[in-house]
Amino acid sequence: MSSEQSALAQISPVQQAVVDSVGPHMRHNPYDAYEVLRAAGPFVPGPHDMRLVTRYAEARAIMQDPRWSHAEEPQLLHGSSDIELPGSFLWMEPPEHTRLRGLVGRAFTARSVGAMRERAEELVAGMLDDILARREVELLDALAYPLPLSMICEMLGVPPEAHEQVRHMSHAIARGLDPDMLLAPEELAARTAAVREFEEFFGELARRRRAEPRDDLITALVQAEEQGVALTPTELIGTLLILVVAGHETTVNLIANGVLALIRNPWEFRRLRSNPQLAVPAVDEVLRYDAPVHLTTRAAHDRITVGEHTFEPGDAVVVLFASANRDPLAFPDPDRFDIARYAAGNRTDRHLSFGLGLHYCLGAFLARVEMQTVLTAIAERVKDLELLAEPAYRPNVVVRGVSRLDVRVVAR
Ligand code: HEM
């Protein structure tokens with residue numbers, strides 16, 4: 001046996017599961033690895049002295065407790081980068097987090113949900129017309145990307161001819177949200193280039209809106225900056241970056257994961273077709289069953305006991321949302337995709353896919369509107385959904401999802 005082989009032979013099943021849970025070879029199914037990790041305990045030793053939080057109760061307790069901070073994530077995951085990702089309130093704690101989230105939240109939620117729903121319905125109807133006419137499509141290009149991309153770009157006020165450029169930039173940045181130790185040098189370089197391009201592009205757009213205000217979110221953010229509750233230029237770019245990247249890369253995965261789950265569970269697809277109102281709870285089941293964001297980090301700002309473990313100040317954890325969502329201690333039959341699990345009257349624990357606590361996803365309502373629209377339209381207009389090839393996965397660990405989804409879609 002070579003020394004390499006004997007080193008491999010010595011790796012324990014739990015260590016192997018840690019490797020598999022992030023390995024590019026297992027992106028199509030990290031769930032078996034999560035099962036091994038959950039069985040090993042709620043806190044499994046991970047890289048760099050971080051504990052992996054594998055189970056629901058402990059993950060929920062940590063997410064809800066403000067003594068756990070998210071401000072350390074750039075150092076924990078991106079310490080080696082030669083350019084800092086512009087910070088947003090996602091990586092801040094009170095009081096900065098409170099001020100910025102309040103400012104952005106007001107500008108964001110002032111926009112009418114009814115108008116968003118109407119626009120989502122219009123976009124989905126057009127895309128589905130095209131898909132049903134073509135029958136065989138690559139679903140990311142035909143629906144999963146253009147819907148959330150158009151929605152967030154239109155809300156912000158990005159001109160249509162620049163949507164593709166925005167997609168390209170955020171793609172590289174989303175990959176760059178993975179721990180630096182998992183990224184190839186060319187991926188780090190692509191992230192750096194994309195961040196620079198983003199700063200230039202959105203810096204220029206903000207200058208234009210300051211000179212000529214319009215009814216869009218960039219104008220609202222720029223004006224908020226000028227009404228005494230200032231956003232600094234760096235905060236403005238950081239905020240736009242989180243809105244753009246979190247605003248569509250995640251929802252792309254939600255849509256693709258949902259369609260894939262329906263194809264792989266034909267009984268549930270038939271159930272949705274006969275009961276299109278199940279589209280609403282089905283959104284939460286897709287979020288639980290196949291989370292678009294698999295993990296986050298937290299660092300203890302105090303001596304904190306969770307379950308039977310006491311963490312010291314500075315201790316860091318990786319909270320595995322996607323594993324917690326499949327914890328049999330919280331969800332009966334957790335590996336079953338059941339579109340009525342979250343239907344009214346059923347008592348089910350909430351999933352952690354939008355996070356929890358102070359950093360709970362600000363765009364959850366928008367993602368829900370988009371996905372409900374997609375599932376309703378599929379329920380009403382599609383008779384058959386079929387995979388044309390096994391889906392390929394992106395190497396991404398944090399924002400995990402497919403890179404291609406070739407499907408046949410047959411009209412009712
Ligand atoms: C399926 C779609 C989405 C998923 C799964 C998702 C997931 C998440 C998660 C897990 C967090 C919390 C991270 C943490 O606590 O460490 C978060 C925060 C956030 N999300 Fe989303 N998100 C989605 C869509 C969106 C959309 C559409 C937007 C905006 C347009 C958005 C904007 C944000 C922002 C601004 C935060 C930071 C909140 C804060 O730190 O206070 N997200 N999201």
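Numbers here are sequence positions counted from 1. Whatever order the structure lists them in is the order used to number ligands and atoms, beginning at 1.
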Check contact between [X] and ligand 1, using heavy atoms of the residue and a distance below 4.0 angstrom.
X	value
L358	yes
M92	no
W91	no
H97	yes
R298	yes

task: Below 4.0 angstrom from a heavy atom of L254, which ligand 1 atoms are there? Numbered from 1 as shown, please.
output: 1 (C)
query: Does a donor on one side chain and an acceptor on the other come within less than 3.5 Å for E73 and T297?
result: yes
message: Under a 3.5 Å cutoff, is there a donor and acceptor pairing between the side chains of N396 and H294?
response: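 Per modelled atom types, N396 and H294 side chains form no pair under 3.5 Å.
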query: Quick check: does H359 get an N/O under 3.5 Å from an N/O on ligand 1?
result: yes
- prompt: Does an N or O anywhere in T296 fall below 3.5 Å from an N or O of ligand 1?
  reply: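 Yes, T296 has an N/O under 3.5 Å of an N/O on ligand 1.
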Pairs under 3.5 angstrom only: tabulate donor-acceptor contacts from the side chains of residues 37-51 to other protein residues two or more places apart or in another chain.
unit_1 : atom_1 : unit_2 : atom_2 : d
R38    : NH1    : S323   : O      : 3.1
R38    : NH1    : S323   : OG     : 3.3
R38    : NH2    : R326   : O      : 3.3

- prompt: Using the benzene-type ring in the case of Trp, are the ring centres of H359 and H97 under 6.0 Å apart?
  reply: yes
message: Just verifying a value: how many Å separate R298 CZ and R67 CZ, rounded to the nearest 0.5 Å?
response: 14.0 Å
